[in-house]
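Before any comments, here is the structure.
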Amino acid sequence: MEMNVQNLKKVVNNSKLGSMTILADLNIRITAGEFVSVVGPSGCGKTTLLEIVAGLQEKTEGNIMIDNIPIDKSCANRAIVFQQYGLFPWLTVKKNIEYGPKIRGVSRAQRRHISRIYIEMVGLEGFETHYPHELSGGMQQRVALARAMANKPDILLLDEPFSALDAQTRENCQLELLALWRKTHVTVLFVTHDIGEALYLSDRVFVMSAHPGTIQACIPVDLERPRIPSVRMTSSFYQKEKLIRNMIGNRNNINENKVLA
Amino acid sequence: MKTKFWHSIVLPILILIVWDLFTRFSTISPFILPDPLSIAIKFIENMKNGEFFSNTMISLKRSMGGFLVGSFLGIASGILIGWSTFWEHLTDLLINFVRSVPKTALAPLFIVWFGIGDTSKILLIAFSSYFFTVIPTIEGVKNVDTILVKSAQSMGAGQWQIMTTVILPASLPSIFAGIRLAVTTSLLVLVMVEIIAGNDGLGFMLEEARGNLNMATMFATLLLLGILGYALDSFMQFMGKILMPWRKGKTISV
């Protein structure tokens with residue numbers, strides 16, 4: 001599905017700080033089946049953008065259209081995956097994945113079919129009856145991915161999904177996400193502060209600046225697919241990484257250290 | 001498990017031995033402290049003649065009746081109050097004020113209003129159970145991780161579905177902590193009201209034993225109350241494990 005964010009604005013009224021503009025004049029267009037990332041310094045409103053698209057926060061102004069139909073409320077056609085997984089600790093892996101379909105009244109047999117497909121897709125066979133706390137962080141995030149995909153979303157929204165994982169696990173999860181994307185042709189909007197990760201995964205990278213959060217640039221990533229980890233060593237990858245790093249650094253000196261760290 | 005059991009009964013056995021020796025070799029009157037054996041004999045005697053059974057049933061009916069009514073209302077209203085700031089602001093002062101009044105202090109008032117029969121006893125126990133469950137429920141609901149609510153919302157869950165499939169299970173551990181407190185205190189309040197206004201029940205048995213200076217019966221009744229309280233709490237813990245299987249293996253302090 002194609003998504004179009006037009007002139008998005010978000011103003012928050014805080015009793016202490018008064019009214020604050022979090023996002024302004026924000027425009028993003030994503031074509032169907034595209035993998036797009038948003039990078040930016042911390043506090044630039046990346047998460048707010050994602051939650052507005054997911055329908056979890058209200059926008060102040062602007063339009064969000066999916067296939068030219070404006071959207072407002074939260075709906076299962078935009079599934080979101082959070083950094084902290086957000087799995088229900090009282091449900092097993094299987095029941096977590098079946099949650100969305102169950103909420104929408106999908107029959108038991110059909111639910112079982114769906115969960116089997118996605119458990120297999122993320123490679124968690126044998127863990128169906130485990131509870132989340134019995135799994136490692138990487139496995140939990142794979143459950144969260146499977147749970148989101150079990151809703152057959154038009155757009156998959158990911159909010160720094162791998163930031164809490166160690167480097168090795170993160171790399172595996174990135175590969176799995178790419179494989180999942182290839183199999184399902186879902187449109188992906190991926191938010192991260194890790195420039196390398198954004199370049200490695202995406203077709204295009206949107207660079208955000210802060211105060212107020214808006215799109216500063218859009219960098220096309222013309223690296224061939226399927227991507228392999230060694231692509232990070234190439235000079236064109238490095239050039240792009242440097243370019244984005246400078247953009248974020250120049251516009252936002254205060255946050256430079258955080259971004260480079 | 002086995003070593004743990006033996007380990008835990010060392011102290012009670014030691015106390016019994018010292019107690020026995022003390023009653024045997026000191027000049028203390030059995031009207032003050034009877035020896036363990038005569039208490040045990042009295043216990044068995046009361047079990048056999050049905051005295052314990054009938055009074056336990058009467059007492060359980062009161063305490064469980066009050067507990068069930070009070071904790072049901074406590075949980076139901078706690079969810080509502082924890083969920084909506086409107087209800088929270090409306091009830092906050094009232095709940096915290098009434099909660100601060102010792103429940104036992106209301107016994108005389110309840111007796112005047114509802115008589116000395118079962119009604120006043122059950123209502124007083126319900127009243128105390130309500131406050132022991134409503135506060136943990138409110139806290140439990142308020143502390144539900146917002147990320148869980150957002151997850152459910154993003155998958156299309158409506159308000160009612162979020163309430164039943166997220167808020168309720170997520171706050172179950174703290175609700176259960178409240179339930180355990182309520183069960184234990186329901187016995188406490190029960191015995192107190194039966195002592196001050198009763199003609200049957202275990203509390204009355206205590207009071208009657210005092211009147212007759214029947215210390216062995218008094219101790220036997222205390223023993224029974226201990227067993228009852230312990231059994232009720234164990235049952236609640238067992239229910240907690242059944243209802244919250246995902247907590248298994250985690251340290252459970254509910």
Side-chain angles (χ1 to χ4, degrees), chain A residues 47 50-57 73-93 95-106 114 129-135 140 143-153 155-161 164, chain B residues 75 79 82-83 85-86 88-89 136-137 139-179 236-254:
Chain A
T47 298
L50 212 60
E51 292 200 348
I52 291 173
V53 173
L56 297 173
Q57 285 194 38
K73 280 208 304 249
S74 66
C75 171
N77 74 348
R78 285 154 286 138
I80 186 163
V81 174
F82 300 99
Q83 182 186 341
Q84 313 92 311
Y85 324 131
L87 296 175
F88 303 121
W90 55 89
L91 297 180
T92 60
V93 166
K95 292 268 174 64
N96 259 291
I97 294 170
E98 290 178 8
Y99 181 85
K102 191 176 180 182
I103 283 294
R104 275 173 285 114
V106 174
I114 291 170
T129 55
H130 282 60
Y131 287 102
H133 74 90
E134 296 170 321
L135 306 178
Q140 290 192 46
V143 178
L145 259 177
R147 184 178 67 173
M149 291 305 295
N151 300 298
K152 298 210 170 67
I155 294 175
L156 181 62
L157 307 165
L158 299 133
D159 187 11
E160 306 205 16
Chain B
I75 293 164
I79 290 174
W83 180 242
T85 43
F86 171 79
E88 191 196 347
H89 293 243
T137 305
E139 287 307 309
V141 170
K142 277 164 90 174
N143 288 331
V144 173
D145 196 346
T146 50
I147 210 96
L148 298 180
V149 176
K150 281 181 181 173
S151 293
Q153 224 177 326
S154 76
M155 287 185 273
Q159 291 273 316
W160 177 249
Q161 284 171 318
I162 288 173
M163 187 83 100
T164 53
T165 65
V166 181
I167 303 289
L168 195 61
S171 46
L172 212 49
S174 49
I175 292 177
F176 244 82
I179 286 180
M236 284 302 156
Q237 268 182 292
F238 172 74
M239 287 303 289
K241 280 183 187 146
I242 298 282
L243 285 171
M244 300 179 282
W246 71 94
R247 310 260 307 166
K248 201 169 58 189
K250 281 184 163 183
T251 42
I252 300 175
S253 55
V254 286

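Note that the structure is a prediction, hence the values are computed from the model and not measured. Every chain is numbered from 1, with letters handed out A, B, ... down the list of sequences.
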Relative to chain B, which of E134(A), Q84(A), K102(A), R147(A) shows the most heavy atom pairs under 4.5 Å? R147(A)
Just so I know, are the side chains of I155(A) and N77(A) near enough to count as touching, which here means a heavy-atom distance under 4.5 Å? no
Please look at T165(B) and chain A and tell me whether the side chain, the backbone, both or neither of the residue comes under 4.5 angstrom of a heavy atom of that chain. both
d(Q153(B) CD, Q159(B) CD) to nearest 0.5 Å is 7.5 Å
Return yes if some donor-acceptor pair links the side-chain N/O of Q161(B) with the main-chain N/O of I103(A) below 3.5 Å, else return no. yes
Checking L157(A) against chain B: side chain, backbone, both or neither under 4.5 Å from a heavy atom? neither
Just how far is it from atom CG of N96(A) to atom CH2 of W90(A), taken to the nearest 0.5 Å? 8.5 Å
Which atoms of V149(B) approach chain A - backbone, side chain, both or neither, heavy atom under 4.5 Å: neither
